[in-house]
Structure formats: structure tokens, C-alpha cells
There are 2 protein chains.
Amino acid sequence: MQQSCEEIKHIFLMLKNIDRQVTQNFEKRTGISLTRYEMLHTLLTKGQLSQIELQQFLKIDQAAITRHLKILEEKSFVIRTRNKQNNREVIVQITDTGKSVLGDCDLDRKQFFDEMFNNFTDQDIKHLQLLVRKLKDNTELKFI
Amino acid sequence: MQQSCEEIKHIFLMLKNIDRQVTQNFEKRTGISLTRYEMLHTLLTKGQLSQIELQQFLKIDQAAITRHLKILEEKSFVIRTRNKQNNREVIVQITDTGKSVLGDCDLDRKQFFDEMFNNFTDQDIKHLQLLVRKLKDNTELKFI
DNA sequence: GTAATACAATTGACTAGTCAACTATTGTTT
DNA sequence: AAACAATAGTTGACTAGTCAATTGTATTAC
């Protein structure tokens with residue numbers, strides 16, 4: 001590892017821009033924010049969850065979770081109820097409306113990501129996945 | 001390109017988290033935000049620039065540029081003066097204080113990025129750089 | 001069984017970005 | 001020369017995240 005520090009910084013600056021672009025355009029295309037999409041998707045595949053559990057999957061701040069859920073609840077995409085066994089917890093469930101919204105944006109979502117990676121080979125994607133995962137593991141270990 | 005869309009989405013979600021972590025911890029470590037560091041660094045290497053030119057290098061919104069410069073100016077890291085040849089433009093210059101701040105955080109910056117990539121081979125980094133650049137080019141072409 | 005502690009969620013104040021509306025200056029048309 | 005358009009910067013209102021303080025509930029210790 002003797003790569004120049006400048007180049008590494010440059011990689012991060014590019015990542016920053018990519019993240020912004022993707023986040024912004026995912027919502028424009030599908031009509032739902034990437035984070036809220038992921039919340040619904042998580043609730044669909046994992047079933048009902050407490051907010052803490054959602055937070056652990058999404059890895060964003062609790063406060064952000066609360067606020068996103070408020071929006072999703074207003075649109076009737078999720079239902080929130082206190083856990084009778086433990087009144088501290090809020091149990092979050094996706095509604096049928098929520099499920100159909102997920103289904104609706106499915107095509108757009110696929111197209112979006114396909115276009116984004118249309119000039120990538122399967123090898124490229126595998127590689128990228130591997131490297132990004134490694135980087136993610138580093139950040140998680142470093143910053144605790 | 002027949003990778004599952006889920007995996008691609010997952011790559012982006014990881015990128016999101018990495019970006020947040022890096023941004024946050026860069027500032028904790030060096031005492032200056034990554035974006036403002038990059039502004040100073042750009043001014044150091046390219047010389048004095050108008051805000052539009054800075055915006056083109058940094059690729060963030062004009063409004064964000066204005067606000068970051070306000071902070072850097074308050075700390076006397078930059079000086080801003082109207083261009084006499086074209087009074088619409090503001091010419092931004094790094095000060096000696098600014099330069100010394102850049103120098104001061106250099107070691108921290110190097111350590112930070114080195115730690116982040118300590119288990120990456122030179123090959124890995126080259127690869128990552130290549131793939132990220134490709135992705136960046138895609139976003140820039142797609143979203144205009 | 002009460003006091004202290006821990007936990008889940010919420011709220012407020014903050015940062016960094018976006019877009020859109022505005023101001024001031026410059027350049028162009030006629 | 002006056003009107004209009006384009007450009008550079010600023011400001012306000014918004015989004016999505018952060019952290020810290022608060023509230024309410026459950027658990028533990030004595």
C-alpha cells in the first residue's frame with residue numbers, strides 16, 4: 001500500500017458525488033427516496049421489526065429512522081404499534097399499500113441500476129462489490 | 001451484466017455508509033471538514049479562483065460553495081475580493097494561515113487514509129479507482 | 001417496594017447538501 | 001442609449017443525516 005494519498009482522497013471525493021447523484025436520481029425516477037425504499041424493502045423481507053432492529057439493518061441514526069417512519073406512516077405505507085410485551089418498543093409493519101408501492105417502483109428501480117452499470121462486466125461488479133465490502137468492514141472496525 | 005439488482009443496490013447502500021463514516025471521521029481526525037479541506041487544497045494547487053471555478057472542481061452546488069467560503073473567510077483561511085475586471089466575480093485566495101492549516105492536518109490526513117486502506121494491495125486500489133471512475137462517468141453522462 | 005439504571009423512541013439544534021428566487025453586474029440587440 | 005438576456009453570487013426553504021437531551025417504560029439492586 002504505497003498508493004499516493006491524493007489518489008485515495010480522490011476516490012472518496014468521487015464516491016461522495018456518486019452517492020449524491022444516485023440518491024437524488026433514484027428518487028426522481030422511482031418516486032421514493034432510496035432510504036425509505038430500503039426501509040419498506042427490509043420490512044417486506046424481514047417481516048415486522050422494532051425501530052431499533054430497523055436501525056441496525058439500515059445503519060443510520062435512530063432519529064432519522066423515527067422521521068422517515070413518520071413520513072411513511074402519513075402515506076399509510078407502514079403501521080406502527082407499541083409492543084404489548086414491551087411498551088418501550090414500537091413495532092413497524094408494512095401495509096398492503098406499502099407493498100404495492102414497492103412493486104410499482106420495481107421496474108424503474110431495475111432500469112435505473114441497469115443503466116448505471118450497463119458498461120460493467122459481471123467481473124467488474126463482483127470486484128467492486130468485494131472492494132466496497134472490504135472498505136465498509138474497515139470503516140466499521142475503525143470507527144467504533 | 002446480469003448481476004442481481006439487489007446486489008447492486010446493496011453496493012450503493014454500502015457506499016452511502018462509507019461516505020458518511022469517512023466524512024465524519026476525517027473531520028474528527030484532522031479538525032477540518034473534507035469538503036473545506038478540498039477547497040483549500042484546490043486553491044493551493046490551482047491558485048486563485050472564482051467561485052464558479054471552485055464549484056466546477058468540487059462539483060457541489062454554488063450555494064454550498066458560498067457557505068463554505070463564509071466559514072473559511074471567518075477563520076481567515078481565505079480572502080475574497082471582487083474581480084476588478086468583472087465585478088460579478090469573486091476571486092478567492094488561500095491565505096498563509098490557510099496554507100499552514102493545510103500543512104498541519106497533512107499527517108493526520110495521511111494516517112487516516114492509510115489506515116482506511118491498510119489491508120488493500122496496490123492492485124486493489126488501482127482497481128477500485130478504475131471502477132469508481134467508471135461509475136462516476138456513468139452518473140455524469142446519465143444525469144444531465 | 002422503592003431507587004437507580006437501562007433501554008426505545010422522540011425532539012431540538014446542528015451540518016452539508018439541494019433547488020429556486022433574488023440582486024447586481026455585464027453583454028447584446030436594436 | 002434603452003431594453004433585454006446572461007452570468008456570478010447570495011439567500012431562504014427544503015431534505016437527510018448527526019448528536020445530545022428528554023420522556024416513558026422495564027429491569028435490577030438493595
Side-chain angles (χ1 to χ4, degrees), chain A residues 12-13 15-28 31-39 48-75 78 80-92 139 143-144, chain B residues 12-13 15-28 31-39 48-75 78 80-92 139 143-144:
Chain A
F12 280 124
L13 293 173
L15 287 183
K16 251 188 157 18
N17 289 323
I18 292 168
D19 176 40
R20 269 203 309 278
Q21 293 285 352
V22 167
T23 301
Q24 223 171 280
N25 288 283
F26 182 93
E27 181 156 9
K28 265 187 205 154
I32 186 168
S33 95
L34 183 50
T35 299
R36 285 192 285 276
Y37 174 90
E38 191 54 19
M39 295 180 93
Q48 58 174 43
L49 298 170
S50 70
Q51 294 192 187
I52 282 278
E53 287 168 322
L54 254 181
Q55 188 272 325
Q56 282 151 0
F57 284 120
L58 275 281
K59 297 196 206 311
I60 57 175
D61 197 274
Q62 269 275 24
I65 299 282
T66 296
R67 283 159 187 150
H68 280 303
L69 286 177
K70 202 173 146 228
I71 293 171
L72 290 172
E73 197 177 31
E74 277 165 9
K75 295 187 178 174
V78 302
R80 301 189 317 143
T81 46
R82 287 278 163 185
N83 180 358
K84 288 295 163 214
Q85 270 66 55
N86 180 351
N87 266 291
R88 287 173 299 190
E89 280 185 0
V90 171
I91 301 293
V92 189
T139 60
F143 306 139
I144 286 177
Chain B
F12 280 123
L13 293 173
L15 287 183
K16 252 188 155 18
N17 290 322
I18 292 168
D19 176 41
R20 270 203 307 278
Q21 294 284 351
V22 167
T23 301
Q24 223 171 279
N25 287 283
F26 182 92
E27 181 156 9
K28 266 187 204 154
I32 186 168
S33 96
L34 182 51
T35 299
R36 285 192 285 274
Y37 174 90
E38 191 54 20
M39 293 180 92
Q48 60 175 42
L49 298 170
S50 70
Q51 295 193 186
I52 283 277
E53 287 168 324
L54 255 181
Q55 187 272 324
Q56 282 152 0
F57 284 120
L58 273 283
K59 296 193 207 309
I60 58 177
D61 198 275
Q62 268 273 28
I65 299 281
T66 295
R67 283 158 188 149
H68 280 302
L69 285 176
K70 202 174 147 226
I71 294 172
L72 290 172
E73 196 175 32
E74 276 165 8
K75 295 186 177 172
V78 301
R80 300 188 318 144
T81 45
R82 287 278 162 184
N83 181 357
K84 289 293 165 217
Q85 269 65 55
N86 179 352
N87 267 291
R88 285 172 301 190
E89 279 187 0
V90 172
I91 301 292
V92 188
T139 61
F143 307 138
I144 286 175

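Just the heavy atoms: all of them, side chains too, but no hydrogens, waters or symmetry mates, feed the values below.
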**Prompt:** With respect to the phosphate group of dG17(D), does any side-chain polar atom (N or O) of H68(A) fall under 4.0 Å of OP1 or OP2?
**Reply:** yes
**Item:** For atom CZ of R20(B) and atom P of dG17(C), their distance in whole Å
**Value:** 14 Å
**Request:** Among E89(B), Q56(B), R80(B), find the one that has a side chain to side chain donor-acceptor pair (under 3.5 Å) with Q51(B).
**Result:** R80(B)
**Message:** Under 4.0 Å, counting only non-hydrogen atoms across every strand here, what does S33(B) touch: a base, just sugar-phosphate, or nothing?
**Reply:** sugar-phosphate
**Request:** For the helix from dG1(C)-dC30(D) to dT30(C)-dA1(D), figure out the bend between the end axes, five pairs an end, and round to 10 degrees.
**Result:** 0°
**Request:** Could you tell me the separation between the CD atom of E89(A) and the C1' atom of dT27(D), rounded to a whole number of Å?
**Result:** 14 Å
**Prompt:** Looking at S50(A), does any N or O in its side chain come under 4.0 Å of the phosphate oxygens OP1/OP2 on dA8(C)?
**Reply:** no
**Message:** Under 4.0 Å from OP1 or OP2 of dA20(C): is there any side-chain N or O of Q62(B) that close?
**Reply:** no
**Request:** Whole angstrom is fine here: how far is it from CG in D19(B) over to P in dA16(D)?
**Result:** 16 Å
**Message:** Please confirm whether the shortest side-chain N or O distance from R82(B) to OP1 or OP2 of dA24(C) is below 4.0 Å.
**Reply:** no
**Request:** Please determine if a side-chain N or O atom of T66(A) lies less than 4.0 Å away from the OP1 or OP2 oxygen of dT10(C).
**Result:** yes
**Request:** Check whether any side-chain nitrogen or oxygen of Q24(B) sits under 4.0 Å from OP1 or OP2 of dC19(D), and answer yes or no.
**Result:** yes
**Any N87(A) side-chain N or O less than 4.0 Å from OP1/OP2 of dG24(D)** = no
**Request:** Give the rounded distance in Å between these two atoms: NZ of K59(A) and C1' of dT18(D).
**Result:** 17 Å
**Side-chain N,O (R36(A)) to OP1/OP2 (dA16(D)) below 4.0 Å** = yes
**Prompt:** Tell me: CD of E38(A) to P of dA16(D), nearest whole Å?
**Reply:** 15 Å
**Asked** Q85(B) has an atom CD; how far is it from atom C1' of dT25(C), in whole Å?
**Response** 14 Å
**Prompt:** On DNA chain C, nearest-nucleotide positions of T23(B) versus K28(A): which is more 5'?
**Reply:** T23(B)
**Request:** Flag the pair K59(A) / K16(B) as yes when at least one side-chain heavy-atom distance between them is below 4.5 Å, and no otherwise.
**Result:** no
**Prompt:** Starting at CD1 of I52(A) and ending at P of dT25(D), how long is that distance when rounded to a whole Å?
**Reply:** 17 Å
**Message:** When you compare the side chain of L54(B) with that of L69(B), does any pair of heavy atoms fall below 4.5 Å?
**Reply:** yes
**Request:** Check whether any side-chain N or O of R80(A) sits under 4.0 Å from OP1 or OP2 of dT10(C), and answer yes or no.
**Result:** yes
